[in-house]
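Taking it in order: structure first as C-alpha cells, then the write-up.
Counting convention: from 1, in listed order, for ligands and their atoms alike. Residue numbers start at 1 and run along the sequence shown.
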Amino acid sequence: MSTKVAVVTGSNKGIGFAIVRALCKQFQGDVYLTSRDVGRGQAAVESLASEGLKPLFHQLDINDLNSIVTAAAFFKEKYGGVDVLINNAAIAFKVADTTPFATQAEVTMKTNFFATRDMLTHFMPLIKAGGRVVNVSSFVGSRTLNNCSPELQQRFRSEDLTEDELVGLMQRFVEKAKKDEHKQDGWPETAYGVSKTGLTTLSMILARRLSKERPNDGILLNACCPGWVRTDMAGQKAPKSPDEGAVTPVYLALLPAGATEPHGRFVSEKEVQLW
Ligand code: NDP
C-alpha cells in the first residue's frame with residue numbers, strides 16, 4: 001500500500017504547528033509542515049524533531065500561485081495525491097491597526113478567502129478516495145453572517161449558491177469597502193469576519209460538489225473553528241493552548257475510514273454547529 005500523506009498550510013507556528021505535532025503522533029503516514037518562508041519552516045521542523053517527531057517540509061505560500069502549483073505537482077508525483085489537507089493559513093489585522101478599512105478588506109480577503117480557494121482549486125483534484133479536507137475557519141464567520149443584511153444571509157445560506165456567485169459576493173464586499181459603501185450594501189465592519197463567512201460557505205459548496213461528482217469516494221470536507229487560542233494572531237489572553245486549538249481540526253482530519261459525516265458542516269468543539 002502506498003504511503004499516506006497529510007499537508008497543513010501555515011504550519012510554522014500557532015495552531016497549524018500544533019496540528020502538525022498532533023498528526024505526527026496520530027496519523028499513519030507522512031506529515032508535511034508547510035510554510036511560506038523556508039527558514040521559519042525548517043526551524044519549526046527542527047523544533048518538532050527535538051520532541052522526537054518527524055514532520056517533512058515543503059515550501060508553500062498560498063498567496064503565490066506558482067508555489068501552490070509546484071507543491072501540488074510534488075504531492076501528485078511523490079504520493080499520487082493527498083490524503084489529508086488542512087487549510088489553516090490565514091491573516092488578521094490587529095484591532096488597533098490603523099490601516100484603512102479598504103486595504104484591510106482587500107488584503108485579508110486575498111489570503112483568507114481567495115488564496116485558500118486557490119489551494120482548494122489545485123488540491124481538490126488530488127484528494128484521494130477516503131481523503132479528508134479541513135478548512136480552518138472561525139466562529140467569527142458565523143457571527144458575521146448573522147450581522148449581514150437579510151438578503152446576504154439568504155444567499156450565503158442558500159443550498160443553490162454556486163462557487164462563482166460566492167466569489168462574486170466576496171469581490172462585491174471588497175469593491176464596496178473601497179468606496180466606503182459596504183455598510184449600506186449590507187456588510188458588517190469586519191474584513192476577517194467576511195473572509196471566514198466566505199470560507200465556511202465555500203466549504204459547504206465544495207462538499208456538495210464532492211457528494212455529487214465523487215459520490216463513491218468517501219471524501220469528507222468540513223470547515224471548523226479551533227476555539228479562541230493563544231497565538232500571535234489572537235494574543236496571549238485566549239483560554240486555549242495551540243495544542244487544544246488543534247483538537248477539532250485534527251478530529252476532522254482523522255475521521256475514521258467509512259465515516260459518512262460530518263460533511264459540508266461547520267464544526268466547533270467536535271460538534272456540528274448551526275449555520
Ligand atoms: P498565527 O498568526 O499564529 O499563524 C498563522 C500562520 O499562517 C503562520 O504560520 C503564517 O505564516 C501563516 N500564513 C499567513 N499567510 C500565509 C500565506 N500566504 N501562505 C502560507 N502561510 C501563511 O495564527 P493562528 O495559529 O492563530 O491561526 C491559525 C488559523 O486558525 C487561522 O486560519 C485563523 O484564522 C484560525 N483561527 C484562529 C483563532 C485563534 O484564536 N487563534 C480563532 C479562530 C480561528 P508566517 O509565520 O509566515 O506569517
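- Within a 6.0 Å sphere centred on CD of Q28, heavy atoms belonging to other residues, nucleotides or ligands number 12 at most.
- Note: no N/O pair closer than 3.5 Å links T111 and ligand 1 by distance alone.
- Counting the atoms of ligand 1 from 1 in the order shown, those under 4.0 Å from a heavy atom of W228 are 40 (O).
- Ligand-side atoms of ligand 1 in range of D232: 3 (O), range being under 4.0 angstrom from any heavy atom.
- Using a cut-off of 4.0 Å between Lys/Arg side-chain N and Asp/Glu carboxylate O, D243 and R21 are scored as salt-bridged.
- The protein non-hydrogen atom at the shortest distance from atom 10 (C) of ligand 1 is N12 OD1, 4.2 Å.
- In this structure, the protein non-hydrogen atom closest to atom 48 (O) of ligand 1 is R36 NH2, 2.8 Å.
- The aromatic ring centroids of F139 and F266 lie 6.0 Å or more from each other.
- Of all the heavy atoms of R230, none lies under 4.0 Å from any atom of ligand 1, so neither backbone nor side chain is involved.
- Here the protein heavy atom with the shortest distance to atom 24 (P) of ligand 1 is T231 OG1, 3.6 Å.
- With respect to atom 25 (O) of ligand 1, the closest heavy atom belonging to the protein is I15 N, 2.8 Å.
- For ligand 1 and A89, the ligand atoms under 4.0 Å from any heavy atom of the residue are 7 (O), 13 (N), 20 (C), 21 (N), 22 (C).
- For the residue pair H182 / E175, no side-chain donor-acceptor distance below 3.5 Å is found, with atom types taken as modelled.
- Within a 6.0 Å sphere centred on CD of E261, other residues, nucleotides and ligands contribute 12 heavy atoms or fewer.
- Enclosure of atom NZ in K94 by more than 12 non-hydrogen atoms of other residues, nucleotides or ligands within 6.0 angstrom is indicated.
- Y32 and F74 have their aromatic ring centers within a separation under 6.0 angstrom.
- Residues R155 and D160 are paired through a salt bridge, judged by an N-O separation under 4.0 Å between the basic side chain and the carboxylate.
- Of the protein's heavy atoms, A90 O, 3.8 Å lies nearest to atom 5 (C) of ligand 1.
- The one candidate from F114, W187, F156, F113 that meets the ring pair (Phe, Tyr, Trp, His ring centres under 6.0 Å) condition with F173 is W187.
- Ligand 1 is approached by S137 to a heavy-atom distance shorter than 4.0 Å.
- The main-chain N or O of V267 is never found under 3.5 Å from a side-chain atom of Q273 such that the two would form a donor-acceptor pair.
- Within the model, atoms CG of N135 and CG of N87 stand 5.0 Å from one another, a figure rounded to the nearest 0.5 Å.
- Near I91, meaning under 4.0 Å from one of its heavy atoms, ligand 1 places the atoms 14 (C), 15 (N).
- The shortest heavy-atom distance from P226 to ligand 1 is under 4.0 Å.
- Taking every heavy atom of I62 and a limit of under 4.0 angstrom, the matching atoms of ligand 1 come to 17 (C), 18 (N), 19 (N), 20 (C).
- Among protein heavy atoms, the minimum distance from atom 30 (O) of ligand 1 is reached at V136 CG1, 3.3 Å.
- Of all protein heavy atoms, the one closest to atom 23 (O) of ligand 1 is M233 CB, 3.4 Å.
- An N or O contact shorter than 3.5 Å links G10 to ligand 1 by distance.
- Heavy-atom contacts from other residues, nucleotides or ligands closer than 6.0 Å to CD of E77 number 12 or fewer.
- For ligand 1 and D61, the ligand atoms under 4.0 Å from any heavy atom of the residue are 17 (C), 18 (N), 19 (N).
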Practice task
Might you work through the salt bridge (Lys or Arg N to Asp or Glu O under 4.0 Å) test for K13 and D232, ending with a clear yes or no?
Solution key: CA-CA 9 Å; K13 68 177 184 179; D232 288 348; 3.0 Å; yes
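- Numbered from 1 in the order shown, with element, the atoms of ligand 1 that lie under 4.0 Å from a heavy atom of Y192 read 33 (C), 34 (O), 35 (C), 36 (N), 44 (C).
- Residue K240 does not touch ligand 1, judged by heavy-atom distances below 4.0 Å.
- Checked by atom type, the side-chain pair S35/D37 shows no donor-acceptor distance below 3.5 Å.
- Distances between N or O atoms of S35 and those of ligand 1 include no value under 3.5 Å.
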Practice task
Kindly indicate, with the supporting measurements, whether the criterion salt bridge (Lys or Arg N to Asp or Glu O under 4.0 Å) is fulfilled by E269 and K240.
Solution key: CA-CA 12 Å; E269 306 297 338; K240 280 190 181 182; 2.8 Å; yes
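- Not close to ligand 1: D37, with no non-hydrogen atom less than 4.0 angstrom away.
- Ligand 1 is never approached by T9 to a heavy-atom distance shorter than 4.0 Å.
- A 4.5 Å side-chain heavy-atom check between M109 and V194 finds at least one atom pair inside the cut-off.
- The A234 neighbourhood of ligand 1 comprises atoms 39 (C), 40 (O), 41 (N), with distances under 4.0 Å to a heavy atom of that residue.
- Nearest residue to atom 20 (C) of ligand 1 from L60, I86, L33 is L60 (criterion: closest heavy atom).
- Under the 4.0 angstrom criterion for non-hydrogen atoms, G227 is in contact with ligand 1.
- With hydrogens left out, the protein atom closest to atom 4 (O) of ligand 1 is K13 CE, 3.7 Å, a heavy atom.
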